[in-house]
Peer 1: 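Got a structure here, written out as structure tokens. Questions coming.
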Amino acid sequence: MTTPMVSAKGVTKSYGLVDVLRGVNLEVARGEVTCLIGPSGSGKSTLLRCINHLEKHDAGELRVDGELVGYEARGGKLYERNNKQICSERAQIGMVFQRFNLFAHMNVLDNITVGQIKVKGLSEDAAVEKARSLLERVGLSGKEANYPSQLSGGQQQRVAIARALAMEPKLMLFDEPTSALDPELVGEVLDVMKDLARSGMTMVVVTHEMNFAREVANSVYFLDQGVIEESGDPAQVLSSPSSDRLKHFLSKVL
């Protein structure tokens, strides 16, 4: 049996007295796209951040590519990995945030090459060649010398995707990548993500774009108050939901 790329079993996370994730179970097969949907505050982004250990889950088991996230098991106990090991794990997982998170003082080319050179140890020539290829892939050839402030929101998000892809990740995480964009710019980012999906990239996407989930996702998980209320095939979940809570949610967003 093929090991799933992402596996969550009974994952919990609290902030003080607030239970954000309450026993989440999830599985993402290799080469598949999974969309997480649900109202604000339901735990979607927290789950995504736990997958690459930007947040530490409190209990349960979380694995990427068969390996425990952020921890290693020794003698029946779990021990948190050191910072170098965690950084090495994260380098294999690309993450694209709502607000682009580009380095404002660097131009587009430097934004994409810096991680390749400093983390992966590529030569500058090799990093630049890869960056130019990725910029062509996301439709931004000729923008190498521009700074983030000179780009539209959609262009900045496409640079952020290219920067993540430059690290050759085995998994891509997207945290509402279009929510900060003007409506007319949403399509250009979704087109890049659709191309990624067609290429076989394993993706977990937190999104409010139901049409994207319906068209691209292999599975959809609906979270509410830290619990997965319903999951399954997008056509079934989005067109014929069984949960009253999901029916109410979809009536507001569709």
Side-chain angles (χ1 to χ4, degrees), residues 5 30-35 48 52 54 87-88 90-209 211-218:
M5 182 58 77
R30 295 168 189 275
E32 294 198 342
V33 178
T34 293
C35 284
L48 207 68
N52 70 352
L54 286 175
C87 286
S88 178
R90 279 201 200 114
Q92 302 177 66
I93 303 173
M95 186 155 184
V96 177
F97 300 86
Q98 296 179 37
R99 291 287 175 180
F100 326 134
N101 284 17
L102 298 176
F103 300 118
H105 65 290
M106 293 183 180
N107 64 25
V108 166
L109 195 64
D110 289 342
N111 261 283
I112 299 174
T113 58
V114 63
Q116 298 181 66
I117 295 168
K118 291 186 176 295
V119 178
K120 294 185 74 71
L122 265 67
S123 69
E124 183 174 351
D125 286 347
V128 167
E129 182 179 356
K130 182 181 289 185
R132 291 187 187 279
S133 173
L134 287 167
L135 284 171
E136 182 178 358
R137 182 175 181 180
V138 300
L140 290 174
S141 293
K143 297 293 186 181
E144 291 88 346
N146 288 72
Y147 285 82
S149 62
Q150 299 172 312
L151 302 176
S152 70
Q155 289 172 331
Q156 289 186 64
Q157 195 61 295
R158 284 185 281 157
V159 173
I161 293 172
R163 181 177 64 178
L165 291 175
M167 303 299 287
E168 298 183 343
K170 56 189 174 185
L171 169 67
M172 284 286 288
L173 308 177
F174 293 85
D175 189 4
E176 298 190 37
T178 60
S179 65
L181 301 179
D182 292 334
E184 66 268 22
L185 302 178
V186 169
E188 63 189 46
V189 174
L190 293 181
D191 285 344
V192 172
M193 294 172 64
K194 290 174 185 177
D195 176 67
L196 272 182
R198 287 191 291 266
S199 74
M201 173 64 72
T202 309
M203 300 160 58
V204 183
V205 184
V206 173
T207 186
H208 291 295
E209 301 290 339
N211 287 333
F212 173 83
R214 193 191 309 273
E215 180 182 347
V216 179
N218 299 97

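Each residue takes its place number in the sequence, starting with 1.
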Peer 1: So which heavy atom on Thr202 is nearest to which on Gly31, and how close?
Peer 2: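 Nearest heavy atoms, Thr202 then Gly31: OG1-N, 2.7 Å.
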Peer 1: Quick one: closest heavy-atom pair of Arg137 and Ser199, and the distance?
Peer 2: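 Closest approach of Arg137 to Ser199, heavy atoms only: NH2-OG, 3.4 Å.
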Peer 1: What distance do Met201 atom CE and Met172 atom CE have between them, rounded to the nearest 0.5 Å?
Peer 2: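 That separation rounds to 6.0 Å.
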Peer 1: One pair to check against side chain to side chain contact (heavy atoms under 4.5 Å, CB included): Phe174 and Leu48. What are the steps and the verdict?
Peer 2: CA-CA 8 Å; Phe174 293 85; Leu48 207 68; 5.6 Å; no
Peer 1: Whether the side chain of Asn218 engages the backbone of Glu32 through a donor-acceptor N/O pair (distance < 3.5 Å, no angle test) should be reported.
Peer 2: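 Such a contact is absent between Asn218 side chain and Glu32 backbone.
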Peer 1: Can you tell me how far apart CG (Leu196) and CG (Leu190) are? Round to the nearest 0.5 Å.
Peer 2: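 Separation between the atoms: 11.5 Å.
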Peer 1: Verify the distance criterion only: is there a donor paired with an acceptor across the side chains of Glu136 and Ser141 at less than 3.5 Å?
Peer 2: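 Ser141 and Glu136 do not have a side-chain donor-acceptor pair below 3.5 Å.
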Peer 1: Determine whether Lys130 and Leu122 make a side-chain contact, defined as any pair of heavy atoms from C-beta on separated by less than 4.5 Å.
Peer 2: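 When only atoms from C-beta onward are counted, Leu122 and Lys130 do touch, with a gap below 4.5 Å.
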Peer 1: Can you see which heavy atom on Gly94 is nearest to which on Ala164, and at what distance?
Peer 2: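 Heavy-atom minimum between the residues: CA-CB, 4.1 Å.
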Peer 1: Using only atom types and a distance under 3.5 Å, with no angle test, would you say the side chain of Gln150 pairs donor to acceptor with the backbone of Tyr147?
Peer 2: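 Pair found, side chain donor or acceptor close to backbone of Tyr147.
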Peer 1: With distance as the sole test, does Gln92 use its side chain to make a donor-acceptor pair with the main-chain N or O of Pro169 at under 3.5 Å?
Peer 2: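 Pair absent, no side-chain N/O of Gln92 close to backbone of Pro169.
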Peer 1: Run Met193 and Val205 through side chain to side chain contact (heavy atoms under 4.5 Å, CB included) and show every step you take.
Peer 2: CA-CA 10 Å; Met193 294 172 64; Val205 184; 3.8 Å; yes
Peer 1: Is there any salt bridge (Lys or Arg N to Asp or Glu O under 4.0 Å) pair reaching into residues 197-208, and which pairs are they, with sequence neighbours excluded?
Peer 2: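 Pairs touching residues 197-208 that pass the test: none.
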Peer 1: If you measure from CD on Gln116 to CE on Met167, what distance do you get to the nearest 0.5 Å?
Peer 2: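 One gets 7.5 Å once the value is rounded to the nearest 0.5 Å.
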Peer 1: Against the six-membered ring of Phe100, is Arg158 placed for a cation-pi contact (under 6.0 Å from the centre, within 45° of the normal)?
Peer 2: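 Not satisfied by the 6.0 Å and 45° rule.
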Peer 1: I want to check something: taking the side chain as every heavy atom from C-beta on, are Leu140 and Val108 in contact at a cut-off of under 4.5 Å?
Peer 2: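 No, every pair of side-chain atoms sits at 4.5 Å or beyond.
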Peer 1: Do other residues, nucleotides or ligands put more than 12 heavy atoms under 6.0 Å from the CD atom of Glu184?
Peer 2: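 Above 12, so yes.
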Peer 1: Check the pair Arg90 / Leu54 against side chain to side chain contact (heavy atoms under 4.5 Å, CB included), numbers first and verdict last.
Peer 2: CA-CA 9 Å; Arg90 279 201 200 114; Leu54 286 175; 3.8 Å; yes
Peer 1: Between Cys35 and Thr207, what is the shortest heavy-atom contact and its length?
Peer 2: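 Of all heavy-atom pairs spanning Cys35 and Thr207, the closest is SG-CG2, 4.0 Å.
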Peer 1: Roughly how far, to the nearest 0.5 Å, is the CG atom of Leu171 from the CE atom of Met95?
Peer 2: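 Rounded to the nearest 0.5 Å, the CE-CG separation comes out at 10.0 Å.
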Peer 1: The criterion is side chain to side chain donor-acceptor pair (under 3.5 Å); which residues satisfy it with Lys120, sequence neighbours excluded?
Peer 2: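 Expected list: none.
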Peer 1: Do side-chain atoms of Ser133 reach the backbone of Glu129 as a donor and acceptor pair under 3.5 angstrom?
Peer 2: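 It does not hold such a pair.
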Peer 1: Between Gln155 and Glu188, which heavy-atom pair has the shortest distance, and what is it?
Peer 2: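 Looks like N-OE2, 3.4 Å.
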Peer 1: Which heavy-atom pair separates Gly154 from Val189 by the least distance, and what is that distance?
Peer 2: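 Heavy atoms of Gly154 and Val189 come nearest at O-CG2, 3.8 Å.
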Peer 1: Between the main-chain N or O of Ala126 and the side-chain N or O of Ser123, is there a donor-acceptor pair closer than 3.5 Å?
Peer 2: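 Yes, the answer is positive, given that a donor and an acceptor are paired below the 3.5 Å cut-off.
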Peer 1: Gln157 pairs by side-chain contact (heavy atoms from CB on, under 4.5 Å) with which of Leu185, Val192, Val96?
Peer 2: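 Considering Leu185, Val192, Val96, a side-chain contact (heavy atoms from CB on, under 4.5 Å) with Gln157 is found only for Val96.
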Peer 1: Checking the side chain of Glu215 only, and the main-chain atoms of Phe212 only, is there a donor and an acceptor separated by less than 3.5 Å?
Peer 2: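 Pair absent, no side-chain N/O of Glu215 close to backbone of Phe212.
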Peer 1: What is the distance from atom CD of Glu144 to atom CG of Asn111, rounded to the nearest 0.5 Å?
Peer 2: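 Here the rounded value is 12.5 Å.
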Peer 1: From Asn146 CG over to Gln156 CD, what is the distance, rounded to the nearest 0.5 angstrom?
Peer 2: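 CD of Gln156 is found 10.5 Å from CG of Asn146.
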Peer 1: Between Asp110 (side chain) and Met106 (backbone), is there a donor-acceptor pair under 3.5 Å?
Peer 2: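 Absent.
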Peer 1: Consider side-chain contact (heavy atoms from CB on, under 4.5 Å). Of Val159, Leu102, Leu165, which one does Ile112 pass it with?
Peer 2: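 The passing option is Val159.
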Peer 1: Glu176 pairs by side-chain contact (heavy atoms from CB on, under 4.5 Å) with which of Arg99, Gln98, Glu209?
Peer 2: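 Single pass found, and it is Gln98.
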